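Here's the structure we're looking at; comments come further down.
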Amino acid sequence: MSLPIPLSIKLITSRGERNVTRETRDLVMRWTDPGGYASCQIALDRPLTLQPDEVAYYGNLLVHDGRHGGIVWDGRLEDPGRSAGAQGQVWDLAAVGGQAHTRDRTVPLIYVDQPLSNLDRVDNATPGAYDSVGTDPASTSSQEQSLILQFPEGITLVTNSRVVMRYVGIQRSGQKVARVDHASWDAGRTDSAFQVEVVARTDGSLASGEVARSDNWNTAGGGSSPRRIVTHFNSGRNTIEWRAIYTGVGGKVGNDAHWASFNGLIVLATRWTAAGAEQLTAATYGNNFVYAHEVVADLLGRLLTSFDGAAARIDTTTHPIDQLAYPDGVDPARVLDDLLSMEAGYTWRAWERNAAGRYRFEWVALPTTVRYEADVTDGYDSTGSADGLYNRVTVRWRDSKGKPRTTTRTATVPALDNATPPLIRQGAIDLGADVGSTADAQRAGDQWLADRRWAPNGGRLRIARPILDLETGRMVHPWEIRPGLIRVRGVLPRTDALNAASRDGVTIFRIVASEYRVSDGAATLELDSYAPSTSRMLATAQTKLRQIRR
């Protein structure tokens with residue numbers, strides 16, 4: 001049985017290539033936003049006694065529009081199943097789109113780290129010296145955590161007595177140091193015979209190193225030299241040391257004032273361009289933070305080699321992220337999810353492959369103008385509920401010392417504030433141990449609340465006929481609909497972040513997913529929020545389980 005619409009299906013493996021449109025009894029294809037092409041299922045009328053050359057694990061499945069040859073869906077086979085029954089012998093083929101490749105590789109990654117909880121005592125030339133993490137010994141008000149290195153009273157010092165703490169997170173992840181610094185330092189005395197230093201080494205070797213920053217204890221209240229970039233990239237600097245050193249002739253310490261403290265420790269690793277080149281110029285690392293778009297480019301160049309990074313569209317973001325480190329390993333999908341928790345106004349998608357076999361990728365701002373015009377003629381149902389409204393959220397994260405912290409954010413929600421009596425609905429989100437600083441936690445909480453200020457006009461809209469695409473100025477078939485905003489007439493409008501200012505009987509939705517089924521001749525659009533499903537509930541449960549384990 002051939003498809004009753006102008007779509008063409010092709011299967012490709014290393015052993016063969018075949019157009020199977022005439023043998024296909026049904027086709028279901030889906031995309032999501034974020035994500036892009038998600039899944040595709042086809043059923044083929046085939047005898048089960050033969051193994052077709054064009055069917056194999058990780059073979060390619062392409063769906064073309066027969067009118068112009070454009071790609072409608074593109075991905076790779078995962079589950080070639082077979083069945084026999086009253087309908088005959090059938091091959092059931094399932095494929096996944098490019099977004100599945102964001103889960104192919106799990107590796108440790110360090111982008112920016114505040115490493116107070118990840119320092120090791122090394123080079124123990126002065127065993128009686130102390131190291132600790134706490135508040136500045138000279139401060140009676142500051143609660144900021146600092147690294148404290150001290151030569152205690154009674155200890156005998158010789159030239160080059162020292163206390164050394166090392167950060168090895170970048171070495172363990174197989175990366176290189178790009179930038180290292182601390183916001184400020186303090187000391188218990190003014191003495192030019194003492195120094196504080198930050199040194200970058202290769203694999204911790206004491207035979208070589210680069211002094212990234214050095215100050216004598218000769219400035220009352222601490223010094224502040226210019227921040228420096230570790231520029232010897234090709235030397236493979238991958239470990240960092242914070243040191244307190246005595247350079248005098250020796251003697252016994254007479255009091256407890258021989259200490260130095262560092263606060264605001266920061267380490268950045270080198271990043272890759274989206275095209276796959278490691279960035280080794282100092283100008284690239286001029287900040288003590290990273291932006292989401294810089295992380296996206298690094299993922300494309302470092303891990304997502306199935307994507308066309310060189311031609312990817314990556315929109316610029318503006319929120320500075322000062323903690324993003326995954327020493328225990330992470331896949332790109334989770335990194336992208338973490339970025340969206342702080343940049344809720346953006347999305348990412350993986351689409352069709354180019355001639356070289358690489359998927360087209362985009363990290364883009366969410367649309368702000370209506371793209372499609374439709375009505376409810378073919379069917380509409382809404383599962384919208386005020387249960388999704390929240391005016392308070394608790395964000396759990398870990399500070400640079402590794403201690404759990406919580407930040408509570410609030411927002412004005414008219415429906416809750418106008419209730420009698422006013423309601424407080426408080427949610428919770430967990431940034432885990434890899435993402436989080438005060439600023440990042442506040443940002444994530446504010447973004448979460450902004451999405452829950454209004455009850456979503458969510459629902460599912462069935463499209464079984466061409467609708468107007470304002471972006472191209474033409475009518476498009478249901479299988480051609482892509483992410484964007486859609487204006488739907490015939491739906492009672494409610495106040496919603498996406499609604500037009502005037503209540504004219506028109507409601508604006510964001511299309512977050514589409515599933516097109518040939519046997520129905522229609523696309524089901526999921527609007528504003530994903531429709532409930534077993535697969536999504538399982539995915540949510542797995543995410544929460546990972547958070548608990550972290």
Side-chain angles (χ1 to χ4, degrees), residues 105 107-127 129 131 147 149 159-183 185 195-215 225-247 260 262 264-273 276-290 294-295 298-299 301-303 323-330 400 434:
R105 300 177 63 183
V107 300
L109 277 180
I110 306 294
Y111 287 106
V112 54
D113 199 2
Q114 302 179 39
L116 276 181
S117 63
N118 296 310
L119 298 175
D120 300 319
R121 179 77 175 265
V122 297
D123 187 20
N124 200 19
T126 311
D131 66 87
L147 170 64
L149 306 180
T159 302
N160 289 328
S161 289
R162 55 193 176 270
V163 193
V164 183
M165 300 297 290
R166 178 180 295 162
Y167 173 74
V168 296
I170 288 178
Q171 178 192 20
R172 290 172 177 168
S173 68
Q175 297 172 263
K176 299 176 185 176
V177 174
R179 182 179 179 90
V180 57
D181 198 21
H182 46 267
W185 66 272
Q195 292 179 326
V196 292
E197 283 188 345
V198 185
V199 180
R201 299 191 185 279
T202 301
D203 295 329
S205 171
L206 298 179
S208 63
E210 178 188 0
V211 178
R213 181 170 174 177
S214 180
D215 294 286
S225 66
R227 295 185 173 102
R228 278 197 55 190
I229 304 296
V230 179
T231 55
H232 293 209
F233 299 109
N234 293 327
S235 298
R237 308 299 188 205
N238 55 15
T239 61
I240 300 296
E241 296 174 1
W242 278 266
R243 314 198 305 178
I245 306 174
Y246 173 67
T247 59
F262 306 82
L265 279 63
I266 199 83
V267 175
L268 278 78
T270 57
R271 299 187 299 271
W272 292 62
T273 67
E278 190 173 15
Q279 300 185 77
L280 301 179
T281 58
T284 304
Y285 308 101
N287 299 310
N288 281 352
F289 53 81
V290 296
E294 295 173 331
V295 176
D298 178 83
L299 291 174
R302 184 191 302 270
L303 297 177
Q323 176 66 34
L324 193 65
Y326 305 91
D328 298 324
V330 68
S400 59
D434 308 315

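In this chain, residues are counted from 1 in sequence order. What you see is a predicted model, and the numbers here were worked out from it, not measured in a lab.
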Measuring from [X]:[atom1] to [Y]:[atom2], what's the distance to the nearest 0.5 Å?
X: H182; Y: L116; atom1: NE2; atom2: CG; answer: 12.0 Å
X: T270; Y: R237; atom1: OG1; atom2: CZ; answer: 14.0 Å
X: R172; Y: N118; atom1: CZ; atom2: CG; answer: 8.0 Å
X: R179; Y: T284; atom1: CZ; atom2: OG1; answer: 11.5 Å
X: T239; Y: D120; atom1: OG1; atom2: CG; answer: 11.0 Å
X: R213; Y: D181; atom1: CZ; atom2: CG; answer: 5.0 Å

To check you understand the geometry: which heavy-atom pair defines the closest contact between [X] and [Y], and what is its length?
X: P108; Y: P327; value: CB-O, 3.6 Å
X: I110; Y: G169; value: CG1-O, 3.9 Å
X: Q279; Y: Y285; value: O-OH, 2.7 Å
X: P115; Y: V267; value: CG-CG2, 4.2 Å
X: A244; Y: L149; value: N-CD1, 3.6 Å

Could you give me the CA-CA distance, side-chain angles and deciding distance for T126 and V163, then say whether side chain to side chain contact (heavy atoms under 4.5 Å, CB included) is met?
CA-CA 7 Å; T126 311; V163 193; 5.6 Å; no
Before giving the answer on side chain to side chain contact (heavy atoms under 4.5 Å, CB included), spell out for V112 and N288 the whole-Å C-alpha distance, their side-chain angles and the decisive distance to 0.1 Å.
CA-CA 8 Å; V112 54; N288 281 352; over 6 Å; no
Salt bridge between E197 and R162, side-chain N to carboxylate O under 4.0 Å?
no
With sequence neighbours left out, what residues match Y246 under side chain to side chain donor-acceptor pair (under 3.5 Å)?
none
Please identify each residue that fulfils side chain to side chain donor-acceptor pair (under 3.5 Å) with D298, with sequence neighbours left out.
Y111, R302
Quick one: do Q323 and D113 satisfy side-chain hydrogen bond (donor to acceptor under 3.5 Å, both in side chains)? Show the steps, please.
CA-CA 5 Å; Q323 176 66 34; D113 199 2; 3.0 Å; yes
Is the side chain of E241 donor-acceptor paired with the backbone N or O of R201 at a distance under 3.5 Å, no angle test?
no
Has the side chain of R166 got a donor or acceptor atom that lies under 3.5 Å from a matching backbone atom of G204?
yes
Working note: D131 + W242, criterion side chain to side chain contact (heavy atoms under 4.5 Å, CB included); need CA distance, chi angles, decisive distance, verdict.
CA-CA 11 Å; D131 66 87; W242 278 266; over 6 Å; no
Go through the steps for L265 and L119 under the test side chain to side chain contact (heavy atoms under 4.5 Å, CB included), then give the verdict.
CA-CA 11 Å; L265 279 63; L119 298 175; 4.0 Å; yes
Per side chain to side chain contact (heavy atoms under 4.5 Å, CB included), Q175 is matched among L109, N238, L268, V107 by L109
